[in-house]
Trainee: 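Please find one structure pasted underneath; my questions will follow.
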Amino acid sequence: MFLQLIVITFVLTNANALNKIVTFPFSITSRLDSASFYRYKNQSFCFTTFTDTANSKNDSSDQNELAIAQDASFLSYSAEFLSIIGSNPDLKLIQEQPASAETQFAHEGGAYIPETNEVWFTANQLPKQNTNIYSINLKTNQITQLNIQPPIITPNGVNYFKGYVYVCSQGNTTTPAAIYAVNPTTHSSRIVVNSWFGYRLNSPNDVTFTTKVLGKKFMWFTDPQIAFMQKFSGVPQYRSTVFRYDMMTSELRPVITDIIIPNGIAFNQEENVLYVTDTSPDTDTAIVYAYDVNKDGLPINRRVFSVSSIGLPDGIRVDRNDRVWIAEGDGINVRDRTGALLGVILSHGLSLAGVISNFALTKNTVVILAQETVWRLDLPVDVL
Ligand SMILES: *[C@@H]1O[C@H](CO)[C@@H](O)[C@H](O)[C@H]1NC(C)=O
Ligand SMILES: *[C@@H]1O[C@H](CO)[C@@H](O)[C@H](O)[C@H]1NC(C)=O
Ligand SMILES: *[C@@H]1O[C@H](CO)[C@@H](O)[C@H](O)[C@H]1NC(C)=O
């Protein structure tokens, strides 16, 4: 994840409102029944400001409809979203740490480990560098800080592949950034990749795997210049890049070099569409790009898959129906494979910082990493 551009401070929602669902017709996103309205860029859609007070007396006005959603946790635009979350969603707080804690403990990762029935996640390295990696036992909801040896400095994205947990390490000025493979039961770690022809990696952020592309085992990861921008590593030696790593030959190849801050990365089920989120703070748009994969196993046909209406798109996961789940400024946005927004799990009641930067999807559970808090949402249907 990157800088928190959006800091919306709300008190954690009370239990009654916590599981509230509001359903909107899509038309409300493109036509408001108001003479005058304005939305600040730091406000999520429901907090759009209306300046014609006459309308507020009308219960069915868009102004009132939006206000009703301000304490909801779910915003639905489709029957499909309602079928995923169910009519009676049950968000459960697993753990909350004081906002004054030295680090935001639940920031990145969200990888499901089948061997141990755990989800692993990592802490924010701001304001303090750390090696904090945690597991949640999905049976007991117990959260444990792991003793990984050797330790992994400034960990970020985490993913699971064939018996190992892969952790992005953003490094620091002395220890080079790397991707580590960790044994999920012994917690011993080893470096998988830490250099491109002798240059240090920038700061690997998120990682994913394919087996169908060219029939090979590839590890794909984003390597943005975030550690340098956040002032905990040296001057980058090459631009922000998406790499493809051949796990058999060890060839590390830059495959995308024109995304400003490539961050989250995921493939569809067929592994012929690649998604990369751009968390560039310098642009006015927060874009998720989609690519096709060509016969040489390279990303082509870049296109805009989605644009976040608030904040930056960070963590991204694709479910078994190729729906794309993306952590954005207002929460987890769920879109279908064409990019149509189905609904949002809203963050403002779940996080003191107002931000969900990442999450995990398992068979029928969403584990939500909301900085100082970790939540779980058990779904009535399988999504993986
Ligand atoms: C959002 O931005 C506006 C304009 O800059 C500011 O007045 C307002 O206080 C901000 N709201 C929040 C919740 O940060
Ligand atoms: C209230 O708002 C609805 C929806 O915009 C509109 O159809 C209706 O005419 C309004 N009623 C009054 C009394 O303004
Ligand atoms: C970088 O991280 C290592 C641990 O991997 C630590 O020993 C070292 O002190 C850190 N360097 C700086 C400059 O913080």
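Along the sequence shown, residues carry numbers from 1. Remember, it's 1-based here, ligands and their atoms both numbered in the order they're listed.
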Trainee: Can you check whether N172 has an N/O within less than 3.5 Å of an N/O in ligand 3?
Mentor: yes

Trainee: Taking the basic N atoms (NZ, or NE/NH1/NH2) and the acidic carboxylate oxygens, is any pair closer than 4.0 Å for D336 and R323?
Mentor: no

Trainee: Looking at every non-hydrogen atom in both residues, tell me the closest pair between I21 and P89 and how far apart they are.
Mentor: CD1-CD, 3.6 Å

Trainee: Any protein heavy atom sitting closer than 4.0 Å to atom 14 (O) of ligand 3?
Mentor: yes

Trainee: For T174, counting its heavy atoms only, list the atoms of ligand 3 lying under 4.0 Å from any of them.
Mentor: 1 (C), 8 (C), 10 (C), 11 (N), 12 (C)

Trainee: Atoms of ligand 3 less than 4.0 Å from T173 heavy atoms?
Mentor: 13 (C)

Trainee: Let me see the working for D90 and R376 under salt bridge (Lys or Arg N to Asp or Glu O under 4.0 Å), right down to the final yes or no.
Mentor: CA-CA 8 Å; D90 188 14; R376 79 181 277 169; over 6 Å; no

Trainee: Measure the distance from atom 5 (O) of ligand 3 to every protein heavy atom, then report the residue, atom name and distance (to 0.1 Å) of the closest one.
Mentor: T175 OG1, 3.3 Å

Trainee: Between R335 and E328, is there a side-chain N and carboxylate O pair less than 4.0 Å apart?
Mentor: yes

Trainee: Using a 4.0 Å cutoff against the non-hydrogen atoms of I153, which atoms of ligand 3 qualify?
Mentor: 2 (O), 5 (O)

Trainee: Is L274 isolated, or which residues cluster with it under the ILVMFWY side-chain rule of less than 4.5 Å, directly or via members?
Mentor: V213, L214, F218, W220, V242, V255, I256, I259, I265, F267, V276, I287, Y289, Y291, V293, L298, V304, V307

Trainee: Less than 3.5 Å between some nitrogen or oxygen of Y40 and one of ligand 1, yes or no?
Mentor: no

Trainee: When rounded to the nearest 0.5 angstrom, what distance separates CG in D330 from CG in L75?
Mentor: 8.0 Å

Trainee: Any non-hydrogen protein atom below 4.0 Å of atom 7 (O) of ligand 3?
Mentor: no

